[in-house]
Amino acid sequence: GATPAATTGGGEITVFAAASLTGSFTELGERFEAAHPGAKVRFNFAGSSALAQQINQGAPADVFASAAPANMKQVTDTGAVTETPVTFARNTLQIAVPKGNPAGITGLGDFAKADLKIALCAEQVPCGAAAKKVFEAANVTAAPDTLEQDVKAALTKVALGEVDAALVYRTDVRANDKVDGLDFAEAGQVVNDYPIATVAKAPNPATARAFVGFVLSAEGREVLTAAGFAAP
Amino acid sequence: MTLHAELRVRRGGFDLGVDLGVERGEVVALLGPNGAGKTTALRALAGLTPGGRVTCDGSAWDGLPAERRPVGVVFQDYLLFAHMSVLDNVAFGPRARGTRKAEANARALDHLRQVGLEDFAKAKPRTLSGGQAQRVALARALATSPELLLLDEPLAALDASTRLRVRSELARHLRTYEGHTLLVTHDPLDAMVLADRIVILEGGRAVQEGAPREVVRQPRTDYVAHLVGLNFYRGTAHSTEVRLDDGGTLTVAEPADGPVHVVFPPSAVSLYQEKPAGSPRNTWPVTVSGIEQHAHTTRVDLDGSPAVLADVTTATVAELRLQPGDELWASLKATEIHTYPR
Amino acid sequence: MTLHAELRVRRGGFDLGVDLGVERGEVVALLGPNGAGKTTALRALAGLTPGGRVTCDGSAWDGLPAERRPVGVVFQDYLLFAHMSVLDNVAFGPRARGTRKAEANARALDHLRQVGLEDFAKAKPRTLSGGQAQRVALARALATSPELLLLDEPLAALDASTRLRVRSELARHLRTYEGHTLLVTHDPLDAMVLADRIVILEGGRAVQEGAPREVVRQPRTDYVAHLVGLNFYRGTAHSTEVRLDDGGTLTVAEPADGPVHVVFPPSAVSLYQEKPAGSPRNTWPVTVSGIEQHAHTTRVDLDGSPAVLADVTTATVAELRLQPGDELWASLKATEIHTYPR
Amino acid sequence: MRQRLPVVLVLPALAGLAFLLVPLIGLLVEAPWTTLPSQLVSAEVGEALKLSLVCASLATVVCLVLGVPLAWLLARGDLPGTGVVRALVTVPLVLPPVVGGVALLLVLGRRGLVGQHLDAWFGVSLPFTTAGVVVAEAFVAMPFLVISVEGALRAADRRYEEAAATLGASRWLTFRRVTLPGVLPGVVAGTVLCWARALGEFGATITFAGNFPGTTTTMPLAVYLALETDPDAAIVLSVVLLLVSVAVLAGLRDRWIRA
Amino acid sequence: MRQRLPVVLVLPALAGLAFLLVPLIGLLVEAPWTTLPSQLVSAEVGEALKLSLVCASLATVVCLVLGVPLAWLLARGDLPGTGVVRALVTVPLVLPPVVGGVALLLVLGRRGLVGQHLDAWFGVSLPFTTAGVVVAEAFVAMPFLVISVEGALRAADRRYEEAAATLGASRWLTFRRVTLPGVLPGVVAGTVLCWARALGEFGATITFAGNFPGTTTTMPLAVYLALETDPDAAIVLSVVLLLVSVAVLAGLRDRWIRA
Ligand SMILES: Nc1ncnc2c1ncn2[C@@H]1O[C@H](COP(=O)(O)OP(=O)(O)OP(=O)(O)O)[C@@H](O)[C@H]1O
Ligand SMILES: Nc1ncnc2c1ncn2[C@@H]1O[C@H](COP(=O)(O)OP(=O)(O)OP(=O)(O)O)[C@@H](O)[C@H]1O
Ligand SMILES: [Mg+2]
Ligand SMILES: [Mg+2]
């Protein structure tokens, strides 16, 4: 709950963050605590949509960091978040292939080949929506074998050699040492924004705002960049 | 002071309709052929099968579920609780009726001693022989000291000598017992020794009722006659002459008129190779259809008019060299024949 | 042509060690008190409980599991398959041994007819009475026409007249039956009627063996004497004088020497209110300890030296006004007493 | 003659029932009913529903064929090490379904221990196929069947099997005609658990078989994806799945009760 | 005297066993064993493991207390509508766990149908607490217990209960001392299923109780997060979870078998 230290940026806050932010936000939390003695950051990492549901049901969140604007919209629509969310990171797509690229994938064009095993994200999830735009931009009709529920699932299939290629986020490729990433030209045209905001009924709004500020600070950007995120 | 039951049960094609009265302290034996409805009657009395009305000492049991009726039941197939020790099985009733553990166990041990199984107190029912299990079931039912004791063939699986001992223990117990007892049995001796009154059930109906000696002497159905080992016929008497319904005529000592039952013991029949000339008024030709060796006599099954059973000594069998198919003469003294109105 | 079994089974504290031989076509009755090991012996023969060795017509059954042994078993608690109809239960054995369906059903119906239950062919076992279930179990075991038929108290639950009928059906069946039969029973009459030989089992050991009449006339243990209803003593003979081990002396007709068994029937004992002056050489004072009413006689339990059972007529009971505790004189003719070496 | 039901049993029973059912009522209350009809007639939903029912039923058949004998072996085989094997059988329950899917991929995938041979020798590849969905569901659901059937077998009276043996029945015949009918209520319970679990299976399916409409997109996958964009639609889809499963199970009620 | 086991049963049984166990072998083969020791001693893993065991065991207790009476009511209550209720009980099986979590939030959340009153009147809030984990696990696992215990009750011989009644035992005493011990193998099987399912529970837990290390992060959640950052670690964590659950279940073997 709120403590007197709130005004000084102390006390405990709870950050609801998308699962794909697990690595970078854990480090951000540690650095924030080091910079703000007396402050404590608790994380709740889960899928952005689950987090949105929880916040809408009155979860005691101070900060919500979503992996997609759509999930952020779910909470602003209900009034659980009243302030305007800020984009703190961006992610672009990359082609993931198994280590050594056994199928010899060269670019987006290979995604149209029926004899290759291709994994994409489902359209309902951000990486799938992004992929769709990329293919439209590249004018390629992809022939996927599976539409994965999230990036990790797609990446797992690449790592195990189950598919020959998948279109995933750059940050995910970087975190997985069993896959190689291939850049492609159209990647820059479609970026996925990560919005962050403090929750309207945040138990500890002062520290919450301090944390959001920290994420947006230069030190925060450094951590996010190291994880492969692009600056907004 | 009386238990009165009007039992009306319908199970599948079977239909039970019988009225029973049992005085306090009285033991009523229920006898009847397989499938006559004896077990069904007991279940209805215990409240396990709905049907009919029961009043005991003036209070109606109709609405009461089984566990609120003060009954004790020995089931035909024992139904000992497999996961409890023998002692716990016997102590279960007293415990369920609120007796404290130590006392219930002591009482259970006492009842086990009465059936000669105190050494098996700790055993699991699975390790008991058939007869041992039945004795435990008996002890379990007796341990609750119920108002109404329902015993479904409680001695059927016991060996001859244990049976003798348990029967006389049970007789002693029942003599001093204050409640009402209904005993199902197939053994007329059990009924004779244990019961004050016998009710014969056939096809779901009570067909005869009375003191044991009375039933034994004056059977009213083939089943009862078989049970007590008498030759039994229906006939019509004209003075000392009785014309039997299934053929044949017998001369009797006591004059009577109208429809009668006729009985005489197999031992009253004598067998001859030639037609005897002597005094017996009833002499007729018969054919041997079967021979059964009993412990001290031989029973001969004879076709004829009437067909008849005869008990003869082993000496007679040897002398006549009896074989199925042999043609003989049966003879029967009029004074050995007992008749009574139908 | 013989079945020979050396059974050695240990179950918990119980230990069975018995050798059995059964000729082809022979029926051996196994009698013994509850817990003597009869069921255990049957299970070992059927291959359900390991222990001992069995050879039949020269081939050893030792390694064979139950379903490869040509046996048929009637279990003490029937074990009918609850989900099959009565007909399917009986047809199960022939079907399992490869008979075609129509034929198996016909055969099953035939066996059901023999036990008087053809009307119940379609019924579920749950709806049968105890006696009906036992008859189905019997039909089921007979339907496989096995080499070795094992019957565990197959008539215990039958009513008197059905028992008579089923027993004589069974006797007829067994007479023409080619295989070996082992019959467990508590009823000496069943043993007399059905068996060619009797084996008495006590405490897991065979204590007596012989033709039924022989066993009945010369019991060797209290159990057997009880079973056949004789007064039985152990004693030491010096010519016509026998000193009984438990006290008392009897004068017998046939001189003998050394340890003997002494038996006489309860009906050989007469009772008097005053010491009789007549010829019987054995006369001694006794006290009435129990009275049991049987169908045609009354059995009196007497304490004394020796203690003795007497069967008296109802007339005698009325005349003497017998009551427990009465002091009487027992008398016994020397010629009624049978002695034989121990 | 009917006894009053004991409060000490009825109260917790009703509490348990409420605990299971109130959340469903919550779902039903919140569900945007107006969109239900349009969802119901939507081709994709129909396709997913049909695929779910078919795959769950096939998986249940696979589980019955393999699982009932396995339960029998555990209960009656008298083999050494049965205790450990029984514990191992529960492992797919404990495994997070996604990891279960990974495990299946490691074995049956294109480069898996077994899968590479399947692919090379028979040209069979399970991932991304409807057969793969059945395999994933069967893997996750089989332990339910095995454990409950084994419990039922353990409780059954073995002497009926002895009786069958003395009548000349082989163990197989005994199993078919005596043992199995005797534990039918247990088998039915296990089958229900197995079918329902297969119907609701999500994690292992999407990991092993992937998600492609018409081939591998079962209802739970559709629900999950709908949750990402339109939680209301997800609830409606779930309700549809529920109603269908309740209808199927309640429709089987007569057979079920007879057992 | 021992019979040969029939091939027609043993073959499918072994196939079933292989089907369940080979994927685990796959996992074990692939697991980066070198990192295992360091994972095992890591504080977070220890915490998550302890939390998993505690929550699964508590959830199992809750399921036993509520579910066994419910199973009894379904099997013995002779109430109308039992068939539909029985089908409804299976619903949490069919519901994708994430939707189950949403349903729980809708009812027990701070703004839920029941939860708002709990909060207002008692100041109790279940979501995002360890108690919430127990609730979510119990909700998902209880049907397994109920259905398998009910199957066992249905198969049991009711005449023993009749015998108990004639001895004066109330239905409650009969239930405790006769019925329940008689179906113990079924209850044990149900308990095992329930515990294992609770131990592996993920979707409903993360949705209803969130993912807070030390409070609500059970092993499956830890595995999920590890999948985000270090897939190998995820497999190691899964293997740890497996080994512990097999050890616990095999360790209970004696009691289990005795039952
Ligand atoms: N549940 C049932 N459904 C249909 N018929 C039944 C049911 N229970 C019993 N019966 C029938 O009712 C009749 C009477 O059965 P009951 O068990 O009362 O006989 P019984 O007199 O005890 O016979 P026994 O001496 O053989 O034990 C039998 O014909 C039996 O088949
Ligand atoms: N599984 C077992 N464990 C321990 N003891 C056992 C087991 N089975 C039987 N016994 C014991 O073995 C002895 C013989 O049992 P058995 O069933 O063979 O007797 P029986 O001669 O058939 O008696 P009855 O006439 O009463 O049926 C009994 O004392 C019994 O307690
Ligand atoms: Mg009966
Ligand atoms: Mg026996």
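Bear in mind the structure is a predicted one, so any value in this text is a computation, not a measurement. Just so it is clear: chains get the letters A, B, ... in the order the sequence lines come, proteins before strands, and each one is counted from 1.
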*Asks:* Considering only heavy atoms and a distance below 4.5 Å, find which of Gly200(D), Gly26(D), Pro23(D), Gly16(D) pairs most often with chain E.
*Replies:* Pro23(D)

*Asks:* Could you look at Leu227(D) and say if it's the side chain, the backbone, both or neither that has a heavy atom under 4.5 Å from chain E?
*Replies:* side chain

*Asks:* Which region of Phe19(E), side chain (C-beta onward) or backbone (N, CA, C, O), has a non-hydrogen atom less than 4.5 Å from a non-hydrogen atom of chain D, or is it both or neither?
*Replies:* both

*Asks:* Examine whether an atom of Val223(E) lies under 4.5 Å from a heavy atom of chain D, and if so say whether it belongs to the side chain, the backbone or both; otherwise answer neither.
*Replies:* side chain

*Asks:* What part of Phe202(D) is in contact with chain E, defined as an atom under 4.5 angstrom from a non-hydrogen atom: side chain, backbone, both or neither?
*Replies:* neither

*Asks:* Under a 4.5 Å heavy-atom cut-off, does chain E meet the side chain of Leu14(D), its backbone, both or neither?
*Replies:* side chain

*Asks:* Heavy-atom pairs under 4.5 Å with chain D are the metric here; pick the option from Val94(E), Val68(E), Val10(E) that has the most.
*Replies:* Val94(E)

*Asks:* Of all the heavy-atom pairs spanning Ser148(E) and Ala189(D), show the shortest one and how long it is.
*Replies:* CA-CB, 4.4 Å

*Asks:* So what's closer than 4.5 Å to chain D heavy atoms on Leu73(E): side chain, backbone, both or neither?
*Replies:* side chain

*Asks:* Quick check on Leu106(E) against chain D: is it the side chain, the backbone, both or neither that has a heavy atom closer than 4.5 Å?
*Replies:* side chain

*Asks:* Among Val99(D), Val107(D), Leu104(D), which one satisfies side chain to side chain contact (heavy atoms under 4.5 Å, CB included) with Leu27(E)?
*Replies:* Val99(D)

*Asks:* Give, for atom OG1 of Thr90(D) and atom CG of Leu199(E), the distance between the pair rounded to the nearest 0.5 Å.
*Replies:* 9.0 Å

*Asks:* For the residue pair Ala250(D) and Ala87(E), what are the closest heavy atoms and their distance?
*Replies:* N-CB, 3.7 Å

*Asks:* Is any side-chain heavy atom of Pro69(E) less than 4.5 Å from a side-chain heavy atom of Leu11(D)?
*Replies:* no

*Asks:* Select, from Ala247(D), Gly182(D), Gly151(D), Pro97(D), the one with the greatest count of heavy-atom pairs under 4.5 Å involving chain E.
*Replies:* Gly151(D)

*Asks:* Rounded at 0.5 Å granularity, tell me how far CG in Asp157(D) sits from CG in Asp157(E).
*Replies:* 9.5 Å

*Asks:* Between Glu201(E), Met142(E), Met219(E), which shows the greatest number of heavy-atom pairs under 4.5 Å with chain D?
*Replies:* Met142(E)

*Asks:* Is Trp172(D) close to chain E through its backbone or its side chain, or both, or neither, when contacts mean heavy atoms under 4.5 Å?
*Replies:* both

*Asks:* Should Leu95(D) and Leu24(E) be marked as a side-chain contact (heavy atoms from CB on, under 4.5 Å) after you check the CA-CA gap, both sets of side-chain angles, and the distance that decides it?
*Replies:* CA-CA 9 Å; Leu95(D) 215 55; Leu24(E) 307 178; 4.0 Å; yes

*Asks:* Could you walk me through whether Leu20(E) and Leu70(D) pass the side-chain contact (heavy atoms from CB on, under 4.5 Å) test, one step at a time?
*Replies:* CA-CA 11 Å; Leu20(E) 290 179; Leu70(D) 180 53; 4.2 Å; yes

*Asks:* What part of Val135(D) gets within 4.5 angstrom of chain E, counting heavy atoms only: side chain, backbone, both, or neither?
*Replies:* both

*Asks:* To the nearest 0.5 angstrom, please state how far the SG atom of Cys194(D) sits from the CD1 atom of Ile147(E).
*Replies:* 13.0 Å

*Asks:* I need the residue from Val8(E), Leu113(E), Val62(E) with the largest number of non-hydrogen atom pairs under 4.5 Å to chain D.
*Replies:* Val8(E)

*Asks:* With a 4.5 angstrom heavy-atom cut-off, which part of Leu17(D) approaches chain E: side chain, backbone, both or neither?
*Replies:* both

*Asks:* Counting only non-hydrogen atoms closer than 4.5 Å, does Val98(D) touch chain E with its backbone (N, CA, C, O), its side chain (CB onward), both, or neither?
*Replies:* side chain

*Asks:* Side chain from CB out, backbone as N, CA, C, O: work out which of these in Pro92(E) comes under 4.5 Å of a heavy atom of chain D, or both, or neither.
*Replies:* side chain

*Asks:* Counting only heavy atoms closer than 4.5 Å, note whether Leu21(D) contacts chain E via side chain, backbone, both or neither.
*Replies:* side chain

*Asks:* Side chain, backbone, both or neither: which part of Leu9(E) has a heavy atom under 4.5 Å from chain D?
*Replies:* both

*Asks:* Given that the side chain runs from C-beta out, which part of Leu88(D) has a heavy atom under 4.5 Å from chain E: side chain, backbone, both or neither?
*Replies:* both

*Asks:* Heavy-atom pairs under 4.5 Å with chain D: which of Leu193(E), Leu28(E), Val146(E), Val246(E) has the most?
*Replies:* Leu193(E)

*Asks:* Taking all atoms of both residues into account, what is the closest heavy-atom pair of Pro12(D) and Val65(E), and its distance?
*Replies:* CB-O, 3.5 Å

*Asks:* Between chain D and each of Val89(E), Leu237(E), Leu241(E), Leu93(E), count heavy-atom pairs under 4.5 Å; write down the option with the most.
*Replies:* Leu93(E)

*Asks:* Checking Ile235(E) against chain D: side chain, backbone, both or neither under 4.5 Å from a heavy atom?
*Replies:* side chain

*Asks:* So for Ala138(E), is it side chain, backbone, both, or neither that comes closer than 4.5 Å to the heavy atoms of chain D?
*Replies:* both

*Asks:* Tell me, side chain or backbone of Ala152(E) under 4.5 Å from chain D's heavy atoms, or both, or neither?
*Replies:* neither

